[in-house]
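Structure record follows, encoded as structure tokens.
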Amino acid sequence: MAQEYKLKGVTSLDLKPGDKQEVEVEGLDAKVLLLNAGGVVQATGPRCTHYGAPLVKGVLGTDGKLTCPWHGACFNGKTGDVEDAPALDALPIFKATERDGAVYITGEAATIKAGHRKPKFKCKATGGDKIVVVGGGSGSLGATEGLRETGYTGPITLITNEGYLPIDRPKLSKALLTDLQKLQWRTAEWYKEGDVDIVQDEVAGVDFATKTVSTKSGGKFAYSKLILATGATPRVLPLQGFKVLSNIFTLRNVRDAEKINKAIGEKGKKIVIIGSSFIGMELAVATSKDNDVTVVGMEKVPLERVLGEKVGGAIQKLVESKGVKFYMSAGVEKAEPSGSDPSVVGSVHLKDGTKLDADLVILGVGVVPATEYLKDNSVVRLEQDGSLKVDESFSVVGLKDVYAIGDIASFPYHGPAGDGKYVRIEHWNVAQQAGRIAAGHITNPARANLKTQPFAPIFWSALGAQMRYAGNTQASGWDDVVVQGSFEEGKWVAYYTKGETVVAMASMGKDPVMAQFSQLLPLGKLPSKSELEKGLDLLSLGPPN
């Protein structure tokens, strides 16, 4: 039963739009976030439903948009609903009342303590359109939940070859986690209550004329609407030894992580990581304790293509402090077998003659869109990189009733200097949000014009410290970087600019700058390069409006 609870130390509801404060609830071992969301003063759950970040340290726009300081999850402060990934659960909302010099909220004790609420997912499917979702990653998660949340009550079939339910995939490279109870976002019972039919199989092809998906085990699944979310496949090296020797791994799923953990065993291993990408760097940090880890990269510094030489060099020093060694501007020649077991890798040889002893090798040399099942399809045209071209609703261009989301989708980007150019962004939150957008278009095709709603792609990385990134440079490129703060102190923000336009940012130890950036971007209110060069602090601009 809902009842009133007094807020400790609060005497009035005199909050301006964008103001927020975390307060204790008397009589309960719980807190709430008291806020003014676009003129509505009320209380919500105090922590992000993704990883539990304190939302009081996030950013609340004057329109009520509430953004997590860690990973960019966004909530509607008026309704508590999720507006942007990676959060799945919404925030509960509690009415606030001022009386006799005190403030009270109304709610159920259990809900106040929980601080989150499940989305509307429970459903008993009726007849009508049949939606098939292919893929078991972030995109399919956003799509299936988005469909039920926006009122779709027809049958949903989710086809996945992962062998388990959708997981928190970033935890694979950041921690080599393999416990499905900690990785799976939802339980089997959850999908059962939502009447989503889970099929563990691999897509073999799509007949767009008859609207049928076929699987490798011989299954045939008819659809009225099709959402393709098959993700990406890790690249391998076409070099001597790499295709025949064991203990050479890529990382994409739980089985890969299990194999790597097994090969590491009781630690003390010589690990060579080829590739200085985010996956490679995260794995270097994750395996550095009690192992001898070496990273081999083709760039001058790690992550140079995305972050530039100055920022990449600072991150290299940070990771080196964990004991990781680097061979940069290096080319790999071959992998040689172990002297004790010719079936297992024993060393990696670089083109300059360097020999790196290895008990195991992990490849982090990028991914390609997982669209092999469409390569011989005469109806669909794949882009040069193997992706599918989609519009703002993520509908596949040239196909009716087919959507593509996540790593396989090239979509028009309308962020700063984007100009609608097509990009393919391999971010967890982009895939999940694309699933929500596609779901919303299916349930309400006539909704507001998506072209006028740019968004800020966001990702985060564990590189010895937490790095945040928002924006995108693929569409426009960048020609300069403005750095504020200190690399040595681990507190800095790097703004990537094209002319006077700021197109992206990266930061460490400067929360909630990324959250502020992500709200200002769609509003078109990011400062200029010149303003940042003069020392403008993004947070000094106050609540975005």
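This is a predicted model, so every value here is computed, not measured.
Expressed to the nearest 0.5 Å, how far CG of Leu303 lies from OG of Ser276 amounts to 6.0 Å. Interatomic distance, OG of Ser138 versus NE2 of His427, reported as 12.0 Å (0.5 Å rounding). Considering CG of Asn472 and CG of Leu521, their distance stands at 9.5 Å, rounded to 0.5 Å.
Between Trp428 and His50, a ring centre-to-centre spacing not shorter than 6.0 Å is recorded.
With salt bridges taken as basic N to acidic carboxylate O contacts below 4.0 Å, none links Glu383 and Arg424. In summary, Lys491 and Asp511 do not engage in a salt bridge, as defined by a charged side-chain N under 4.0 Å from a carboxylate O. Salt-bridge check for Glu22 with Lys31: passed, with a basic side-chain N closer than 4.0 Å to an acidic carboxylate O. Residues Lys78 and Asp63 are not paired through a salt bridge, judged by the lack of any N-O separation under 4.0 Å between the basic side chain and the carboxylate.
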Hey, mind stepping through Asp81 and Thr79 against side chain to side chain donor-acceptor pair (under 3.5 Å) and telling me if it holds? CA-CA 5 Å; Asp81 293 339; Thr79 66; 3.2 Å; yes

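Under a cutoff of 6.0 Å and an axis angle of 45°, Lys317 and Phe487 do not form a cation-pi pair.
Sorted by first then second residue, the salt bridge (Lys or Arg N to Asp or Glu O under 4.0 Å) pairs that include residues 273-296, not counting sequence neighbours, are Lys174-Glu282, Asp292-Lys325. Listed by first then second residue, pairs satisfying salt bridge (Lys or Arg N to Asp or Glu O under 4.0 Å) with a partner in residues 494-508 number zero, not counting sequence neighbours.
Using bins of under 30°, 30° to 60° and over 60° for the plane-to-plane angle, the ring pair Phe411/Phe394 lands in the tilted bin.
Qualifying ring-ring contact (aromatic ring centres under 6.0 Å, His included) partners for Tyr469, counting only residues two or more places apart in sequence or in other chains: Phe459.
A donor-acceptor pair shorter than 3.5 Å cannot be found between the side chains of Ser530 and Ser528.
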